[in-house]
Every structure is written in structure tokens, then in C-alpha cells.
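Order of the sequence lines fixes the chain letters, A, B, ..., with proteins taken first and strands second; residue numbering starts at 1 for each chain. Small disclaimer: the values here were computed from a predicted structure and weren't measured.
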Number of protein chains: 2
Amino acid sequence: MAKGHVRLADVAKAAGVSQGTASNVFSRPDVVREEVRERVLNVARELGYGGPDIKGRLLRAGRVNAIGVAAVEPLAYFFDDPWARSLMTAIGEVCDASGTGIAVVSAMNEERLAWNINSALVDGFILLCVEGGERLVELTRQRQLPFIALALGIEDETIPAIGIDNVSGGAVAARHLLELGHRDIAILSIGDVDGLVGLVAPERVDPEMEATPRDRMHGYWQAMAEYGIPREAVPIQGTLHDRPSTLTAMEALFSSDNPPTAILAMSDKVALFAMQWLAEQGLKVPEDVSIIGFDGVPEAATSLPRLTTVAQPFAEIARRAVTAILENALPEDHEALDLELVVRDSTAMPRLR
Amino acid sequence: MAKGHVRLADVAKAAGVSQGTASNVFSRPDVVREEVRERVLNVARELGYGGPDIKGRLLRAGRVNAIGVAAVEPLAYFFDDPWARSLMTAIGEVCDASGTGIAVVSAMNEERLAWNINSALVDGFILLCVEGGERLVELTRQRQLPFIALALGIEDETIPAIGIDNVSGGAVAARHLLELGHRDIAILSIGDVDGLVGLVAPERVDPEMEATPRDRMHGYWQAMAEYGIPREAVPIQGTLHDRPSTLTAMEALFSSDNPPTAILAMSDKVALFAMQWLAEQGLKVPEDVSIIGFDGVPEAATSLPRLTTVAQPFAEIARRAVTAILENALPEDHEALDLELVVRDSTAMPRLR
DNA sequence: TCCATATTTTGAATCGATTCAAAATACGGT
DNA sequence: ACCGTATTTTGAATCGATTCAAAATATGGA
């Protein structure tokens, strides 16, 4: 069998029509006379022509009908990380509806990432800026395609972004615990800076923490202040947003003289790890310890007990991001979307001592 | 600001060099004299040229450096379903290593799917044939690109595919339970055929079931036979591979006079749902009921208790699939890869009655 | 200085389609 | 039979780069 090297031009010649007509047979069949259409189609079949090559069409159209989702993470991140998956699922739903494709682009190292971003065949990018966001934005800018940043960790109004109101989200979470009567509350923070592991002093938060955890922290503190609790009274344990550092943090928290009755976790992922640790220690949630997460990933709804959390409006974020890209209508300002408290089974009144 | 409509040709003209030289400046900088290179680069910067447009390059090169992963499912499936995610993670790892991109292509309805497959900018496809596999293969064939089918439900040697040895995998699972001493074993089957929900008679398995569950079933039976247990003695409850039908199946199983002491689940997903149901009923795993899954998804390693399962060699499957596509070296035969029994905490000896 | 060789640069062809103004053909009415 | 309008078809230009043989230029040795 010969190589599949039949071009539209070949078909046109063999069928004795012009290339223009042959093109119409495939892309605008209604415009060509039935008899001719049939003939061309037959010739195409005989020649083994598989329809117009997408690459040629694309070059002409200049549009790919796909959006790229990029992160400074390995590709597996998109299918592994609960937050990323929640977002991808939501993005998938919007794209399904509009017939848009999704390309995931990623890389651990800079060089690869630059190349991947430059060679991705997409009409625009959604950037997951959890880590190395600044660099990611810079790289994407060069590509000169519409892009929109999610979870942007820096404050730069020139970057089109969709954000969430982490401050009031944090406040809502903390207020929930406080209303239940908790006063001994500990915080599990998240970040990728080595220095912020272990016990973190409050004065280090502003200078050292990235925007997302910092804002959540301020939300927590704000609610605490409403109840007259000074920030120094609330221990902060820094995690690297992974299992080992979370377990270490939990150990530190519960080996103290005055272990907390409730935990504010800055992500569901960390909260879920913490719950596993508690279960292993024989501590019951929520009877012994209450815990509230952040993000609202689906795992939080099926854990045992089901995790109370502050949910991001993933669907709305995805909808805005995708339409912004597809219609090239990037938001001018950084509007922050609201989060929603989802009360489930991991929080309750503290046990009487 | 003018639209970013600067072409390589514009830069070339403005810099006073030929288009060929301008092209070399970007794609083979070593071949052009430094002085000239600088000049061209400067002009490019002034004009706001963002480097060679990938679409033009692609048209010439004929290669996209990306593979498509397709399924007859909504896009969200890739980020939701445990099995799909395990595979995607593994595929991601292989692609990361080779600098290949991934495009996920999917659609619920035929028409959309056909269009999506035809317009995906990829060098080849990996097909997740869990559902509607036959149609998916047919559609992909027309695209005339290399493709390889995974989890193919039909026996057709002309379709390049990578399979796993479901029969011996099933036998390994069943043998594990039998060796522990279980004799009252029930099967939770999977499928997307409405008719195979609820209690399924053994004689309906061969004519009605798809290849994957059918093979697993035969594996189960084979091991049963070794222990002198006739297939009629093993109740089969059909599920639709989702939560509701699994819960229904469990209810049916445990409302009988002689509830099973162990369960063979045809997927980890179903096994995990079943475990949730058992927990809700106050039945302890593995003390009251043992359960073994199938697939080896990561969730199975972090559930409580951790799920014993028969694991697919995801990494090996991904490696073979990706290299087959990239090197256009599609396998000639349907070699079936071996599965591995992973004993964890969800299986134990049956309680003495 | 001249020639042979090495290094750069050029220009046109190519990749595979789509598009659109203009030309050709068909159709209907008188 | 003829004309005006409607429908089809044509052919060349275009999308934005890469490629490569040939031409131009530089370098070095005698």
C-alpha cells in the first residue's frame, strides 16, 4: 500500500475538477452540484483520500479550536492534583458545550516549558499559576495569544486573571469554627517555600507567603479578631501541600500541651491528609477534632467523614476563563469571585473539657 | 497598538535580508553570521514579532509533537474517572520524558466526536475504548493517523491494541480469596448494558457481556473450578460501573439469606463504592467482609482500609502506547500484559461462623 | 594576486488546504 | 430563440513558515 500521500489537489485532478470545487465538496458540500459531488467523492474513495488535512485548513483559518491549559508542573499534575482536576473537569464541561478541544501543556523545567508553550497548537491559554506563576505568565506573553491566569500569586493588574476572594473565604471558614464554639484553633498553611515549613510566626506571613495562602490567612485572622482572639494565639503550621509535610505538621500540633480542638486547613488536599492522620491516631472527627478545608474538591464530598469546606465556584471560573479566551474578551480588572461555605460532617461543637 | 500581524516575511524585508535567512535566524541561529543575526533580531523586536508562528512551521514539518487521547465520554471523564486518570498520569509521565504534548479529545455524541477526532492536531491517537470502542476505532481509522486501542472490547486482530490478561487477572483475584478460605463469594460485574444490571445468570455472560468483564469473569470461574465451586454457586450482580447501581447491587447481595463473606469486584471504582456501602451498614472490612478490586488505581492505596486489588501495569501500557504512536511502530499482535496481585488491608480470612 | 575551499545568503519551491472574484453554465419566462 | 438571473465552477492568491540547490562572499595558502 502506498503512503497516504493523496492531496486534495490529486483528487481534484483525478476527478477532472478544479481544486476549488474539490475543496467545496468537503467543506461546503451544499454549494456543489450533486453529480459532481458524487464523482469527486468516488474518486476520493478510490484514491484513499481521507478528507481535508486539518493542518492545511488550520493554516488558512488561523484558528485551532482548542485551548491550552498550562502549569509549571509535570503533565501528571493535571490528572493527579485534586484542585487541578476540579478545574479541569469544569473547564472540560464548558469546552464540551462549545466543541472546543483541550491541550494540557506543562513542564517541570523552564526550557521545556517555554518550548511546550510555544509549540502548543491552541487559540489561547488558561494558566494555572499555583507555582512559578510569574514565569509562566512571562513565557505565555511572548506567545502573543490570549491568556488568562488562575490562582495568580502576584498582584499585577496588567495580567488578565480570574481570582477568588481568599480573604473573605478564609473569614467564612474561621467564623464557622468560632460560631461552633471552638477557641483552640490551629492553622495548616500551604506553600512551596522551604522556609515556611513547621511552626510559622505570624510576622513572617506577609513578607514570605505567596498571595493565596497569605490572603486566606488574613481572612482567618479577621474572623479571629471579631472574637477577640489575637493572631499570636493561633499556631500556624506550614506544609508543602503534600502528605509528608502535613503529617509532620499534625504531629507537631498534637504533641503540644494544648492541642487544638479545630483545624483550619488551607486546602482540602491538606485537610484530607490531616484527617487520615487523625484517624490513624484514633482521634475522631468531628467529635475530638473539627476540621475545615478550602477549595471544595469532589474528594471532600466522599471522604469519611465528609469534609466541611469553603468551595470555589469552579464552574463559574471555568466558564469565564474559557469564554474570555474564545471570544478574546479578557477581563480588564481583577474581580474576585465569592466562595461558599459547604457544611458537612467534619465540623461540630467542641467536646466539653 | 496594531494587531500582531507581523510575519517572518515582514521582518526579513525590514531587516533587508531574504526570508530564508530570517527563518534561519530563528530556527538555526548557528548558521547565520552574528552581525546579521543581531540585526534581524533587533528588527524583529522593534516590529513586535513574536517568533515563528507554529502553524506555518507545522504545515511544513507535518508533525505536531502531540498525541491525542480519545474516548466516547465527556471531557471531564479524563479528570474524573480513576482508571482513565491512572492511565493519563502514566501517559503524562512518558510524554513528559519525550517532550510530547497531550490533547484530550472526547465527546458524548457521535457527530461531535467525529468532528473532534478529525480536527485534533495530533500525530496519533490513543483510544480509550471502555465504551463505544468499536465506533471510536472506526472514526479514528478514517483520520489515517497511527492509533492504538486500549481496553478494546472486541476481538479484531486488525486493530492495533494493547491489552491485559483479564482472564488470569481474574483468576489471581479469585484464587487470593479462595486461599484465604472464602467459599461464599459474590461478584460485582461492570458494564454499560442496561440488561446486565441486577442478578445475572452465568449463561448470559458469554453472549451479552463485553470482552473485558467477560474475560475477568472467566478468570474468576477458572479459579473457582480449581476449588470445586460451580459457577452457579457464585452470584453475579451487574453494575453500570457507577455509584447508584453498585449500591443497589450490594443491597441485593446482602439482603439474601446467605450473604457473601467476600466480594470480587471487577474494578476498584466499584469496589470502593461497595466499601462505602459496607461502612454505612456497619459491616467491617475485612473482618466481616473481604473485598478485592481490579485495576490498581491510586485511590485503592489510600482508601480506608486500603484496597487489595489486581493492578494493571499502567506505566508499561503507557510506555508501549506512546512509543508505538511516536515511532509509528504499531504492534502486530495482541499481546496481553500481566496483572499483579497487590495485597492490602481489605482482604482477610473469613470469620468463623 | 589568484585560486580553492569554507562560510553565508538568496530565492524559489513547497507544505495542503481555503477563499473569492470572475467566468461559465443552467434555468425560466416571454 | 433570446435575455436576465441564479447556480456552479474555475484559477489564482493566500495563510506563514521551512528547505535546499545555487549564488555570493569570505578566508587562507602559495
Side-chain angles (χ1 to χ4, degrees), chain A residues 3-41 43-44 47-65 115 118-123 143-145, chain B residues 3-41 43-44 47-65 115 118-123 143-145:
Chain A
K3 276 292 295 296
H5 238 58
V6 200
R7 295 193 291 297
L8 182 59
D10 302 326
V11 175
K13 196 182 300 172
V17 298
S18 80
Q19 188 165 325
T21 300
S23 174
N24 282 335
V25 167
F26 293 99
S27 43
R28 302 156 66 196
D30 48 303
V31 89
V32 25
R33 194 152 46 100
E34 174 159 354
E35 182 201 318
V36 178
R37 194 184 339 143
E38 293 277 283
R39 179 154 46 92
V40 174
L41 250 17
V43 171
L47 261 47
Y49 179 69
D53 184 298
I54 183 69
K55 299 199 286 296
R57 179 209 304 269
L58 145 69
L59 177 60
R60 198 84 220 317
R63 207 163 190 299
V64 195
N65 243 275
W115 201 87
N118 277 318
S119 59
L121 282 155
V122 296
D123 298 318
R143 179 74 194 270
Q144 299 186 172
L145 279 181
Chain B
K3 276 295 296 291
H5 239 59
V6 200
R7 295 193 290 298
L8 183 58
D10 302 326
V11 175
K13 195 183 299 172
V17 297
S18 79
Q19 188 166 324
T21 300
S23 175
N24 282 335
V25 168
F26 292 99
S27 43
R28 301 155 68 197
D30 49 302
V31 88
V32 22
R33 194 151 45 98
E34 175 159 352
E35 183 200 319
V36 178
R37 196 187 333 146
E38 294 277 282
R39 179 154 45 91
V40 174
L41 250 16
V43 171
L47 261 46
Y49 178 68
D53 185 298
I54 183 69
K55 298 199 287 298
R57 182 210 302 270
L58 145 68
L59 177 59
R60 198 85 219 323
R63 208 165 190 299
V64 195
N65 244 276
W115 202 87
N118 277 319
S119 61
L121 282 155
V122 296
D123 298 319
R143 180 75 196 269
Q144 299 187 175
L145 279 179

With A:Tyr49 as partner, the option from A:Leu41, A:Val11, A:Asp10, A:Val43 fulfilling side chain to side chain contact (heavy atoms under 4.5 Å, CB included) is A:Val11
Contact list (N/O, under 3.5 angstrom) for nucleotides 16-22 of chain C vs protein:
unit_1 : atom_1 : unit_2  : atom_2 : d
C:dG16 : N2     : A:Gly56 : O      : 3.3
C:dA17 : OP1    : A:Tyr49 : OH     : 3.0
C:dA17 : OP1    : A:Asp53 : N      : 2.4
C:dA17 : OP2    : A:Leu8  : N      : 2.7
C:dA17 : N7     : A:Gln19 : NE2    : 2.9
C:dT18 : OP2    : A:Ser23 : OG     : 2.4
C:dT18 : O2     : A:Arg60 : NH1    : 3.3
C:dT19 : O4'    : A:Arg60 : NH1    : 3.1

Using whole Å, report how far [atom1] of [X] lies from [atom2] of [N].
X	N	atom1	atom2	answer
A:Asp10	C:dC15	CG	C1'	13 Å
B:Lys13	C:dG11	NZ	P	13 Å
A:Asp30	D:dT7	CG	P	12 Å
A:Arg39	D:dT9	CZ	C1'	11 Å

Check whether more than 12 heavy atoms from other residues, nucleotides or ligands sit under 6.0 Å from atom CZ of B:Arg63, and answer yes or no. yes
*Main-chain N/O of A:Val64 paired with A:Asp123 side-chain donor or acceptor, under 3.5 Å*: yes
Tightest non-hydrogen contact, residues B:Leu121 and A:Leu58, listed as CD1-CD2, 3.6 Å
- prompt: Side chains of B:Ile54 and A:Asn118: closer than 4.5 Å at any heavy-atom pair?
  reply: no
- Message: Go through it in stages, so that I can follow the logic: the residues are B:Ser23 and B:Leu8, the test is side-chain contact (heavy atoms from CB on, under 4.5 Å), and I'd like the CA-CA distance, side-chain angles, deciding distance and then a yes or no.
- Response: CA-CA 7 Å; B:Ser23 175; B:Leu8 183 58; 3.7 Å; yes
